[in-house]
Amino acid sequence: MLLRLFHRCASTSTAARPTNFTFPQRIERSPTAILESLNSCVQTDGGNPAYMFMDDPFLIPTSAYEKRQLALSKASGKKAARWIIDRYSYAFFHDVAVPSIPSYFPTYTFDEKEFIEPDESTLYKLMNWNKVTKAHEIYKKCLEYKIDVSDACKYALFDLLCIYNSENPLEALLPEEDWYRRELNEKNQSNLTSRTWKENGLAEQMFEELKLSATSEQKIRLYNSFVSGLLKYNHVEKAMTIIDEMKQATIPIDLTTYNYLIRSTSLIKESYDQRWQFVVDTLKEMKDSSIQPNLRTFNSVLYTLRRCPAYEQGPKLALAVLNEMRQCGIEPSLGSWAHVIMIFYPSDQIGFETQMLPQIMDELEKVAQLEWKDSDDGEFFFNAMFKATVNCRDVELAKRIHRFLMVGSNTRFIPDGFREQLYYTNLFRLLFRVDMPEQVMPLWESVVPNVYSPSMNVMEDLIEFISTWNIQDYYVRLWSDLLMLGFIDSRQTNRRILDRYLSLLIQTNHGKPSTEQIKQYANIARQILKRFPLEPEEVEQRFGSTNDASAQQQEMTDGQQEQQQQQQQQTNQLRPKLQYDGHLLSNLICLLAPADDWEASWSLYEHYLSNRSTLINALNEQSLMSLLSLANRKNAINSALDIIETINELQYECLGDALDLLNRNGNLPNQSRQHLKTIQKKSKVESAHHVKLV
Amino acid sequence: MNILLKQNLPRYICQQQCYLSTSPIVHSWFVKLTNVTQVNTEAAVPKHTRKRNYPLTYEQRQFPKLIGHTKTWNTFNTSNLRDGKRKAEIVSDDLFLRQFIYGTWHSLFVSELIIKRRHNMVILSGLVTRSIHPRRMYFLIGYTEEILSALLKTPVKMEIQTVENKEDVIFTYW
């Protein structure tokens, strides 16, 4: 037995095991590591609305207009709350949070008491709270009262004045508003190269003052901040003069100034060669003063190259710049790639031969996690998709870019709503033109309506696409999609979509729709009529055309009658008014008649007859023929004769077929046959005379 | 609450059923009520109306004795567990929140406000009628979240669900 034990021990010890055991080192993780890893499992999902919206069908916006409305109303609510918090601030000081959360407190207002005795600490406080102009005032007061202000404070104030162009920095918008900042902030839309620097503003005054008393080190800081500010706000001439001063006084220029200088090259020099020469000279100067360029420098170089559209040397130089970057050990950021794309594909026609975009995508897909390194990074996805769809017209490439966008949290690199709208518009316009439904429709459904609400052009392309590929199953679904996306209303701009959609439903060149579909199309027509009721004429309203109205009038007294008419008028004004024209009426009749809906079709026909003078087009042949066949089926002989008379008036070619159709009806009384014969005799249409009437 | 007391007497003596009232008002030492209407009322348990048309939601129909059985609480927090902190503050905050929502959302909430606390966040849920336009509803949501966060110094989120009208939540008539 002992032998057995020994064997057991021996067998376990001789099994393959590492002879020494090392404890694994503890991996230091950040406090939010778990949250970050959970975040990496979550992707952009097209099935849910954006986070700022409530997850309830009544409160989920689907069209672009609704999304903007609801986001901005939420922001408005927050602003209202902020107003109350500031107004009744005494109620909001009880604090239970450790550490305190400053944004939950009323905004700090400086009261006048603090400014009676200007002091350096007041200056620092004001600067911290972004009140730069007030800080300057207090500084002036300090000088008056001969109070000593330290140099550090002075120079900090001067730097702030340069950075913010002698104004207070703009307040950060709420996240809901920030998404729409392009529309809310008109400054963005103006020309980015216009000069906005304030002449003789506070910054310049302070510059003059400090120049006199500055030591050489302080002068470096002073001049550099001033030039950077000037270049940031595009005041190029003065910047160049100050730079010349600096060179004469041998004040070294630092990295930030060089970056701004390179970025503004396109404002300094005119011709492309001169610009490139200037950039090269600046870079040489940097090298001589042994300043290492950073990512911003290279992005500025690429930006300058991009501002030289259709420069032949452009692509070559861009590649050279990228090589330099790699040699300096700086990884190109998304911003660099954005500029490179614009350099290689400068306009809509040039450049679809280069394989630059696929190569860029190869590079980027190797990067594990994209980071936001530079302020230009937000342009990458928009530029890439724009060029892929407009220049290259390459579906695979576009899909690749889109897949890359959906990886992880890369969607944050499309910083505002305007760019996102354009990104998806470009993507879908290409796909609708080139690709097949099996691949496009799943993508469409994953993105619409929560992530992207299409604009009218895209919807038109979609309807084109559907009609080309004859995806009949989707026709009815398309109606509810159009309603959801806000394209069915009385606005004139959306009229095209409505007309286009109805003609899609009616077209017969792809075979007859099934009875189920006929019923659904008729439902759609009825919904349209319900939404946009036919306007009764003023005359009819006053005298009560329908029987119901007249019966009601007999019951009520005069006063009540007037009231009712007034109310009716009010509701008629509030309801959307769609301009009915003959074209629309014909389409509706074509939809309703095959479904055997006699009343609706006949009322539309009567509406046409009574308003013939005001309606634009006439009813077309197809609708009249379908109405006639319906009348035939229902044996409404008089109505049928009426329709034939209208066809005769409008002198349509189909009169012959119409006569023939009615002729074949066995139940036709002799009177009607006589009537038919008289119509045939009187008609001016050729084909009518060829029909044999019994 | 009236309970049935079965006295443990031998079987040959008829078993007397004794109705004892457990209403706290009746047994209190310093308030001696004999008034029938005051003595026989019970919290959150309505008496049948003559016309049987007093509407009750499903939650209201589950009377308080079922809390913990088929009915849960309307606030969820860990203050009552071992080492739970801030019991009193959480209760008073809850009362304030209910009154605030009742006053700000005018007749819109058709259910009780459900208050959930997670870490330092407060999440408010409830059923809301669709009597106002979504624009106004989002205004109220933004306003409520911002002002309650500033008052309680904790992030406050609202997660509401909408219901067509008040009749949809009426379960029975009592």
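Since the structure is predicted, the reported quantities are computational estimates derived from the model, not experimental observations. To find a chain, count down the sequence lines: A is the first, B the second, and so on, and within it residues start at 1.
Only the side chain of A:Ile85 comes within contact range of chain B, with heavy atoms under 4.5 Å apart. Residue B:Arg136: no heavy atom, backbone or side chain, is found under 4.5 Å from chain A. For chain B, the nearby parts of A:Leu70 are the backbone and the side chain; heavy atoms of each come within less than 4.5 Å. Contacts of B:Glu89 with chain A are absent, with no heavy-atom separation under 4.5 Å from either backbone or side chain. Using a 4.5 Å cut-off between heavy atoms, B:Thr154 touches chain A through its backbone atoms (N, CA, C, O) alone. Of the two parts of B:Glu159, only the backbone, made up of N, CA, C and O, holds a non-hydrogen atom closer than 4.5 Å to a non-hydrogen atom of chain A.
At least one donor-acceptor pair under 3.5 Å links the side chain of B:Tyr138 to the backbone N or O of A:Leu59.
A 6.0 Å sphere centred on OH of B:Tyr54 holds no more than 12 heavy atoms belonging to other residues, nucleotides or ligands. More than 12 heavy atoms of other residues, nucleotides or ligands sit less than 6.0 Å from atom NE2 of B:His48. Atom CZ of A:Arg412 is surrounded by more than 12 heavy atoms from other residues, nucleotides or ligands within 6.0 Å. Around atom NZ of B:Lys116, no more than 12 heavy atoms belonging to other residues, nucleotides or ligands sit under 6.0 Å away. Within 6.0 Å of the OH atom in B:Tyr58, the count of heavy atoms belonging to other residues, nucleotides or ligands does not exceed 12. Within 6.0 Å of atom CD in A:Gln421, more than 12 heavy atoms from other residues, nucleotides or ligands are found, so the atom counts as buried in its surroundings.
Of the inter-residue distances, the one linking A:Met54 atom CE with B:Ile160 atom CD1 reads 6.0 Å to the nearest 0.5 angstrom. Interatomic distance, A:Lys78 NZ to B:Thr144 OG1, rounded to the nearest 0.5 Å: 11.0 Å. Here A:His94 contributes atom NE2 and B:Leu151 contributes atom CG; the two are 10.0 Å apart, rounded to the nearest 0.5 Å.
The greatest number of non-hydrogen atom pairs below 4.5 Å with chain B, out of A:Ala97, A:Ala81, A:Pro106, is found for A:Ala81. Contact count versus chain A (heavy atoms, under 4.5 Å) is highest, among B:Leu148, B:Ile147, B:Asn120, for B:Ile147. With respect to chain A, the highest number of heavy-atom pairs below 4.5 Å among B:Arg135, B:Met137, B:Glu146 belongs to B:Arg135. Taking chain B as the reference chain and counting heavy-atom pairs below 4.5 Å, the highest number among A:Glu176, A:Lys74, A:Glu66, A:Met52 is found for A:Lys74.
Contact between A:Ala80 and B:Phe139 at its shortest, heavy atoms only, is CB-CZ, 3.7 Å.
Under a cutoff of 6.0 Å and an axis angle of 45°, B:Lys153 and A:Phe105 form a cation-pi pair.
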